[in-house]
Amino acid sequence: MAHSRGRRNPADGRAASRRAASAVGVLFLVIGVLGFIPGVTTSYGDIRFAGHGSGAELFGVFQVSVLHNVVHLLFGVAGLMMSKTVTGARTFLVGGGAIYLVLWLYGLVVDHGSGANFIPVNGADNWLHLLLGLGMIGLGLLTTRDLNRR
């Protein structure tokens, strides 16, 4: 389908799963970069490489560390690379969603004030990880449901 100005829509002919994986990948890249920007990340001077001692919070809500931000960046790169094929996109969305559900469970059981909270996560992160996990799995399954019928 063409745009009103006669230009080709770049999404034409591209599988929904590939577009979804690309969008999620870009979202992770943006979040990873924002985690390194003072002001967007409050208490930026308190950021640590890893561990519960990192006092930095993205948007003043989500506890982050350098490691946490780097993981977001790597997840974003993985999403963009895996979005090149439908199979890769589905693997990224469903597999990545499963990883986030495991991370949600980790956040529920770990003592947030202990050294075991190396990522680090807080209560807001836990809810976000649950939503990300369910959302990514849902996107992966819903955007490839026609493949399952074959």
Would you say the side chain of [Y] lies within less than 4.5 Å of the side chain of [X], judging by non-hydrogen atoms?
X: Leu73; Y: Phe28; answer: no
X: Thr91; Y: Thr85; answer: no
X: Phe62; Y: Val121; answer: no
X: Tyr100; Y: His129; answer: yes
X: Ile119; Y: Tyr106; answer: yes
X: Val24; Y: Phe92; answer: yes

Restricting to non-hydrogen atoms, name the atom on [X] and the atom on [Y] that form the minimum distance, rounded to 0.1 Å.
X: Val61; Y: Ala124; value: CG1-CB, 3.4 Å
X: Leu101; Y: Ile137; value: CD1-CD1, 3.6 Å
X: Leu93; Y: Gly140; value: CB-CA, 3.7 Å

Is there a donor-acceptor pair closer than 3.5 Å between any side-chain N or O of [X] and the backbone N or O of [Y]?
X: Ser65; Y: His68; value: yes
X: Ser54; Y: Ala50; value: no
X: Thr41; Y: Gly35; value: yes
X: Asn69; Y: Val33; value: no
X: Thr144; Y: Val86; value: no
X: Asn126; Y: Gly107; value: yes

Can you hop from [X] to [Y] via hydrophobic side chains spaced under 4.5 Å?
X: Leu142; Y: Leu132; answer: no
X: Leu131; Y: Phe59; answer: no
X: Val66; Y: Val30; answer: yes
X: Leu80; Y: Val77; answer: yes
X: Leu103; Y: Phe118; answer: yes

Q. Is the gap between the ring centers of Phe36 and Tyr44 under 6.0 Å?
A.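 Centroid separation for Phe36 and Tyr44: 6.0 Å or greater.
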What is the distance from atom [atom1] of [X] to atom [atom2] of [Y], rounded to the nearest 0.5 Å?
X: Arg18; Y: Thr87; atom1: CZ; atom2: OG1; answer: 10.5 Å
X: Asp125; Y: Leu130; atom1: CG; atom2: CG; answer: 12.5 Å
X: Ser43; Y: Gln63; atom1: OG; atom2: CD; answer: 10.5 Å
X: Leu128; Y: Leu58; atom1: CG; atom2: CG; answer: 9.5 Å
X: Met136; Y: Leu27; atom1: CE; atom2: CG; answer: 9.5 Å

Q: Kindly determine whether Arg14 and Ser22 satisfy side chain to side chain donor-acceptor pair (under 3.5 Å), including the steps that lead there.
A: CA-CA 11 Å; Arg14 194 161 172 228; Ser22 292; 2.5 Å; yes
Q) Under the criterion side-chain contact (heavy atoms from CB on, under 4.5 Å), which of Val110, Asn117, Asp111 is the partner of His52? A)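 Exactly one pass, corresponding to Asn117.
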